[in-house]
Amino acid sequence: MKSESTTPASESLNFIEEIIESDLATGKYSSILTRFPPEPNGYLHIGHSKSICLNFGLAQKYGGKTNLRFDDTNPVTEETEFVEGIIEDVRWLGFEPAQILYASDYFEQLYLWAKELISKGKAYVDFSSPDEIATQKGTPTTPGTANKYRDTSPEENLALFERMRAGEFPDGHCTLRAKIDLASPNMHMRDPYLYRIKHAEHHRTGNKWCIYPMYDWAHGQSDSIEKITHSICTLEFIPHRELYDWCIDTLGIFPSKQYEFARLNLTYTVMSKRKLKQLVEEGHVSGWDDPRMPTIAGIRRRGFTPESIRDFATRIGVAKRDNLIELSLLEFCIREDLNKRALRRFAVLSPLKVVIKNLPEGQTEWMETENNPEDAEAGKRPLAFTRELWIEQDDFMENPPPKYFRLAPGGMVRLKSAFIIRCEEVIKDSVGNLMEVHCTYIPESRSGQDTSGLKVQGVIHWLSASNAQQAEVRLYDRLFKVEDPAAEEDFKSTINPDSLQVITQAYIEPALAEAKAGERFQFTRLGYFCLDPDSTTTNLVFNRTVTLKDSWAKELKK
RNA sequence: UGGGCCAUGGUGUAAUGGUAACACAGCAGAUUUUGGUUCUGUUGUUCAGGGUUCGAGUCCUUGUGGCCCAACCA
């Protein structure tokens with residue numbers, strides 16, 4: 001007898017999970033601690049959500065914890081407003097930090113450690129200009145050269161550094177540099193800057209300091225202070241790792257270790273903070289939370305769910321090679337989530353009037369339709385069927401192509417959850433514009449109790465003109481016309497001019513009137529939509545999150 | 001051209017010296033009162049050369065290609 005394995009096939013691990021499992025197995029650590037370390041100088045985007053899901057997800061998986069630590073070492077660019085937005089975004093994604101901390105909490109300790117370094121003769125105050133220092137650093141192929149400040153005595157350096165802190169020098173007058181190796185093939189080891197002078201107000205420490213530590217002097221020590229076991233960052237920090245380790249080793253403090261993974265890139269969008277900022281500041285979008293933006297605030301407003309983003313983060317995986325993920329995967333994730341959860345509603349975005357000639361004015365036939373065919377518990381709702389209706393302009397064609405099975409002259413179509421109608425007459429104005437379509441309905445074809453024996457292929461959505469309400473609907477498309485705008489010489493030249501289409505005269509069913517901002521629906525046959533906070537009681541605004549898959553549109557392209 | 005990181009279908013990610021697989025995308029079909037959903041089938045993959053080995057996507061080696069590094073940014 002063939003024995004069936006009793007242990008489930010072990011799921012494959014990404015390279016960081018392998019490291020963690022190894023560290024746990026060897027007893028190097030008994031539990032893990034990760035951190036998500038944003039700089040509060042802008043909004044988080046979906047690339048950050050990969051990092052957030054990774055850091056928090058790892059901790060959850062292995063029974064550890066994750067800190068949210070703001071890397072706030074540059075007072076000039078950082079603001080409290082961003083701190084609050086970032087905390088909100090992390091929580092929205094579904095994660096609660098073990099602690100919310102700030103690199104600025106460690107300024108005093110960092111200062112003390114810098115003095116320790118100076119005392120050991122491993123740091124010096126340099127009065128050279130940035131240009132001079134750049135020149136002295138050499139190039140990747142030629143070693144750097146030392147200047148006279150490199151030989152200043154520790155005692156003198158200590159005094160100088162204290163004067164720096166005391167505010168005796170103006171901005172940029174001098175810096176503190178580590179004394180490491182001017183010939184290192186790693187440019188980051190050629191006596192990197194540790195402190196610079198900035199007489200600037202810090203969002204947390206106010207005017208207490210006028211010297212601020214550089215990233216390399218703050219990050220590893222901050223990790224170490226918090227006893228972070230696995231400090232996970234993106235690939236471009238690989239060359240910094242040698243310096244990260246040098247600082248920790250030289251100070252002899254808790255040895256946090258840095259590991260690097262490839263950041264997320266998504267087709268048809270840009271991910272750099274600088275470029276996103278340009279889009280906002282130059283008015284290409286309405287703001288950081290414009291639903292076309294890849295910011296967490298933007299995709300949240302667009303109608304994405306945190307669950308779908310987490311699912312996406314899982315599906316894209318974690319590795320070290322550069323990647324460009326297709327937007328279609330993100331769209332798949334939100335459709336899959338919303339298909340199961342979103343209530344269905346009827347909406348007509350480009351209305352065409354249909355008059356049911358054999359239904360008297362004032363008569364209402366009440367219909368019933370399911371709120372979500374994927375979820376019987378979602379219940380049903382009533383729909384009024386009246387003489388005058390709205391259907392989608394796309395659902396009628398005077399000269400239909402083959403395989404078109406919606407409404408056409410002389411043809412029949414099923415109004416979903418209602419009756420089959422037959423097109424009897426097309427009404428046009430004097431210049432030939434389509435005005436309305438006159439139809440008859442088949443009374444025996446009532447949905448659910450159809451005795452007509454008629455078979456129609458097409459089913460379309462519709463609204464009673466007598467109780468439909470008006471609403472604004474914003475249709476979004478990709479912000480850029482090319483897959484990788486960042487690879488372009490001028491990324492802005494590839495902006496899609498049709499990324500936003502505003503429909504102010506859409507019709508929605510009455511059941512939508514009580515929708516609350518942020519609520520998500522499927523507009524039957526159209527896509528998933530989310531009520532925008534711009535909505536007022538008299539003007540509801542819906543954002544299209546994503547369309548439904550449309551195999552007819554695909555057919556038409558052939 | 002100093003150093004570093006990386007190379008598996010169209011896009012991602014697995015395979016940890018032993019039958020190259022999973023997801024998305026694509027294509028075809030079935031079901032469907034959403035041209036949605038669901039289901040079925042299907043196309044297509046190890047950068048190149050050399051070596052080790054009974055056996056290499058995996059190890060070694062030489063190339064090639066991509067990305068990163070010389071901010072008082074992070």
Side-chain angles (χ1 to χ4, degrees), chain A residues 11-14 18 37-39 41 71-74 76-78 103 126 129-130 133-135 137-144 171-177 183-190 193-198 211-212 214-216 218-219 233-242 260 262 267 273-274 315-333 335-336 339-340 344 346 369-370 373-374 403-406 414-418 420 445 447-448 450 456-461 483 522-527 547-556:
Chain A
E11 71 182 286
S12 61
L13 306 175
N14 65 49
E18 284 182 354
E39 182 188 12
N41 68 345
D71 229 332
D72 56 349
T73 57
N74 186 353
V76 182
T77 55
E78 296 152 3
D126 195 327
S129 71
I133 291 177
T135 307
K137 270 194 184 176
T139 69
T141 50
T142 58
D171 284 8
H173 189 65
C174 56
T175 58
L176 182 72
R177 289 224 269 164
S184 173
N186 182 348
M187 297 300 290
H188 294 277
M189 299 300 278
R190 321 247 272 219
Y193 294 116
L194 264 26
Y195 275 91
R196 75 290 216 186
I197 298 171
K198 280 178 193 276
I211 57 170
Y212 291 93
M214 300 292 292
Y215 166 86
D216 288 303
H219 202 95
C233 61
T234 47
L235 256 28
E236 65 271 27
F237 288 95
I238 289 176
H240 293 254
R241 191 177 58 224
E242 190 179 356
E260 312 86 8
T267 56
K273 236 182 237 181
R274 195 190 109 255
R315 286 172 183 272
I316 58 177
V318 177
K320 299 190 77 156
R321 80 177 99 147
D322 293 326
N323 60 79
L324 183 59
I325 308 285
E326 290 178 346
L327 193 59
S328 60
L329 181 62
L330 216 210
E331 294 180 340
F332 167 82
C333 291
R335 286 191 187 111
E336 184 176 63
N339 174 52
K340 287 177 294 200
R344 272 57 170 173
F346 286 177
T369 189
E370 63 275 350
E374 304 294 317
K403 289 196 263 182
Y404 181 86
F405 40 83
R406 276 112 94 149
R414 158 79 62 182
L415 297 181
K416 182 170 169 60
S417 298
I420 292 173
S445 66
S447 191
D450 187 342
V456 296
Q457 266 200 108
V459 179
I460 63 174
H461 61 281
E483 279 203 329
Q522 183 195 108
F523 288 176
T524 300
R525 296 210 307 135
L526 297 175
T547 61
L548 257 24
K549 281 217 279 189
D550 189 349
S551 54
W552 172 240
K554 206 175 279 178
E555 183 71 29
L556 282 179

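When reading the values below, keep in mind they use all heavy atoms of this one structure, side chains included, and skip hydrogens, waters and symmetry mates. Reminder, nothing fancy here: chain letters follow the sequence lines and each chain counts from 1.
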**Message:** Counting distance alone, no hydrogens or angles: does the base of B:U33 have a donor or acceptor under 3.5 Å from a partner atom on the side chain of A:Ser447?
**Reply:** yes

**Asked** In whole angstroms, how far is the P atom of B:U34 from the NE2 atom of A:His461?
**Response** 13 Å

**Request:** Please figure out whether A:Glu326 or A:Asn339 has its closest RNA chain B nucleotide nearer the 5' end.
**Result:** A:Glu326

**Item:** Euclidean distance, atom CZ of residue A:Arg315 to atom C1' of B:A25 [Å, nearest integer]
**Value:** 13 Å

**Asked** Counting any heavy atom closer than 4.0 Å, what does A:Val318 reach on the DNA or RNA strands: base, sugar-phosphate only, or nothing?
**Response** sugar-phosphate

**Request:** With heavy atoms under 4.0 Å as the rule, sort A:Lys554 into base, sugar-phosphate or nothing.
**Result:** sugar-phosphate

**Complete:** Each nucleotide of nucleotides 68-74 of chain B classed B (base within 4.0 Å of a protein heavy atom), S (only sugar-phosphate) or -, in 5' to 3' order, makes -SB-BSB

**Prompt:** Below 3.5 Å, does any donor atom in the side chain of A:Arg414 face an acceptor in the base of B:U33, or the other way round?
**Reply:** yes

**Request:** Measure from CD on A:Glu555 to C1' on B:G36 and round the result to the nearest Å.
**Result:** 16 Å

**Message:** Can you measure A:Asp550 atom CG to B:G35 atom C1' for me and round it to whole angstrom units?
**Reply:** 7 Å

**Message:** For A:Tyr215 together with A:Tyr193, are the ring centres under 6.0 Å from each other?
**Reply:** no

**Asked** At under 4.0 Å, does any side-chain N or O of A:Lys320 touch on OP1 or OP2 of B:C67?
**Response** no

**Any N/O donor-acceptor pair, A:Arg344 side-chain to B:U34 base, under 3.5 Å** = yes

